[in-house]
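Reviewing the structure listed below.
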Amino acid sequence: MPQSSVDLGGRVALVTGGSRGIGRAIAEALADAGADVAVICHQRVERGEAVAEKIRAAGRRAIVVAADVSVRQSVLDMVDRVGRELGSPDILVNNAGIATVRELDDLDEAEFDRSINVNLKSAFLCTQAVLPAMRARGWGRIVNISSVAARTAGVVGVHYNAAKAGLEGLTRGYAARLASAGITVNAIAPGPIDTDMAEPLRHTETFKRIPVGRLGAPTEVAQAVLMVLANAFLTGQTIGVNGGVRLD
Ligand code: NDP
């Protein structure tokens, strides 16, 4: 866990995709900084429980909620349960995502829609669901996990490029409209990070082109999230955590 000087004591954080990979590292880092955490998973509840157990053992409150963040009613039920059991989220991390590799000629409409719904619409649904309580409180932090693929071709496909570029547009749009309400909205754009998602890509040429010469660690993305949360003057930005991968 990255050591943090950020004090999130008394805050409630909701981390989508908190059961594995980058989301797990973020959930643990937020708890380490003092927050109570709702660990959201899709299907792997046991993985979520392992994260929550670790957080509880460190003295914070944690719950696991299984939800499909691309479905409005599922998101509303999730936020309602988090509100009842932990309190309304002060911090939302829209991290859940999918990266199904498709070449141009293999990409069909169903996969395109799935990518947009899980990677982009989910952030809209979750943000809309937590906003009323953040506005009433006059404080909120929203962090969207984008990708270098928002601004490069990447290796996943155009469906993923489009979803992540859209997520950065959503970030700037919300940031501009919520700044006066005490709510910051930023994006973190990781390069290749050592998680399950990166597994199919591990043996491709991509990794040889990372200037630092290795995959990133999930904790390195979590460090950037903590930095963003600590700064009330930082909003509407996308922070790259990419080992020097060029954005052209
Ligand atoms: P993983 O595949 O390791 O984990 C994905 C997480 O998202 C899991 O917790 C999964 O839940 C959850 N999830 C997937 N679909 C849904 C859904 N419909 N509803 C709710 N939760 C869902 O991914 P990473 O940790 O690697 O990636 C996290 C984020 O970082 C993603 O947005 C990804 O696009 C982005 N990213 C990752 C990079 C990488 O190299 N790893 C690089 C750049 C960006 P469950 O465990 O239940 O399946």
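Sequence positions, counted from 1, serve as the residue numbers for this chain. As the structure lists them, so they are numbered: ligands from 1, and atoms in each ligand from 1. Atom set for the values below is all heavy atoms of this structure, side chains included, hydrogens, waters and symmetry mates excluded.
Proximity of Q43 to ligand 1 is established by a heavy-atom distance of less than 4.0 Å.
Remark: minimum distance from atom 42 (C) of ligand 1 to any protein heavy atom is reached at G191 O, 3.2 Å. Nearest protein heavy-atom neighbour of atom 6 (C) of ligand 1: G17 CA, 3.7 Å. Of all protein heavy atoms, the one lying nearest to atom 10 (C) of ligand 1 is R20 NH2, 3.7 Å. Looking only at protein heavy atoms, the nearest one to atom 31 (C) of ligand 1 is N95 O, 3.1 Å. Atom 43 (C) of ligand 1 has as its closest protein heavy atom P190 O, 3.3 Å. Remark: minimum distance from atom 24 (P) of ligand 1 to any protein heavy atom is reached at T195 OG1, 3.6 Å. Nearest protein neighbour of atom 17 (C) of ligand 1, counting heavy atoms only, is H42 CG, 3.6 Å. Shortest contact from atom 39 (C) of ligand 1 to any protein heavy atom: I193 N, 3.6 Å.
Contact annotation for A67 and ligand 1: only backbone heavy atoms (N, CA, C, O) come within less than 4.0 Å of the ligand. Using a 4.0 Å cut-off between heavy atoms, V69 contacts ligand 1 through both its backbone and its side chain. Under 4.0 angstrom from ligand 1, there are no non-hydrogen atoms of R24.
For the pair S147 and ligand 1, the shortest N or O to N or O distance does not fall below 3.5 Å. Looking at I22 next to ligand 1, an N or O pair under 3.5 Å apart turns up. In terms of polar-atom proximity, S70 is not counted as a contact of ligand 1, lacking any N or O under 3.5 Å from an N or O of the ligand.
Using a 4.0 Å cut-off to heavy atoms of G21, the atoms of ligand 1 that qualify are 25 (O). Each of the following atoms of ligand 1 lies closer than 4.0 Å to a heavy atom of I145: 29 (C), 30 (O), 32 (O), 35 (C). Within ligand 1, counting atoms from 1 as listed, the ones closer than 4.0 Å to a heavy atom of D68 are 17 (C), 18 (N), 19 (N).
Using a 3.5 Å distance cut-off with no hydrogens or angles, the side chains of S19 and R24 do not pair a donor with an acceptor. With hydrogens and angles left out, the side-chain atoms of T171 and N144 include a donor and acceptor closer than 3.5 Å. Side-chain atoms of Y174 and Q128 form a donor-acceptor pair, as typed in the model, at a separation below 3.5 Å.
The existence of a salt bridge linking D90 and R141 is excluded, since no basic side-chain nitrogen approaches an acidic carboxylate oxygen closer than 4.0 Å. Comment: R84 engages D80 in a salt bridge, judged by a side-chain N to carboxylate O separation of less than 4.0 angstrom.
In this structure a side-chain-to-backbone donor-acceptor pair under 3.5 Å is present from N95 to G17. For N161 (side chain) and A149 (main-chain N/O), a donor-acceptor pair under 3.5 Å exists by modelled atom type. Distance alone, capped at 3.5 Å, is enough to place a donor-acceptor pair between the R61 side chain and the L86 backbone. Checking side-chain atoms of S115 against main-chain N and O of E111 turns up no donor-acceptor pair under 3.5 Å.
Nearest heavy-atom pair, I55 versus A27, reported as atom, atom and distance to 0.1 Å: CD1-O, 3.9 Å.
Of the listed residues (R151, K164, E168), just one forms a side-chain hydrogen bond (donor to acceptor under 3.5 Å, both in side chains) with S146, and that residue is E168. None of R20, R60, K54 except one satisfies the salt bridge (Lys or Arg N to Asp or Glu O under 4.0 Å) rule with E28; the exception is K54.
Comparing heavy-atom distances from atom 5 (C) of ligand 1 across P192, G97, A96 singles out G97 as nearest. Among S146, C126, A149, the residue whose heavy atom sits closest to atom 35 (C) of ligand 1 is S146.
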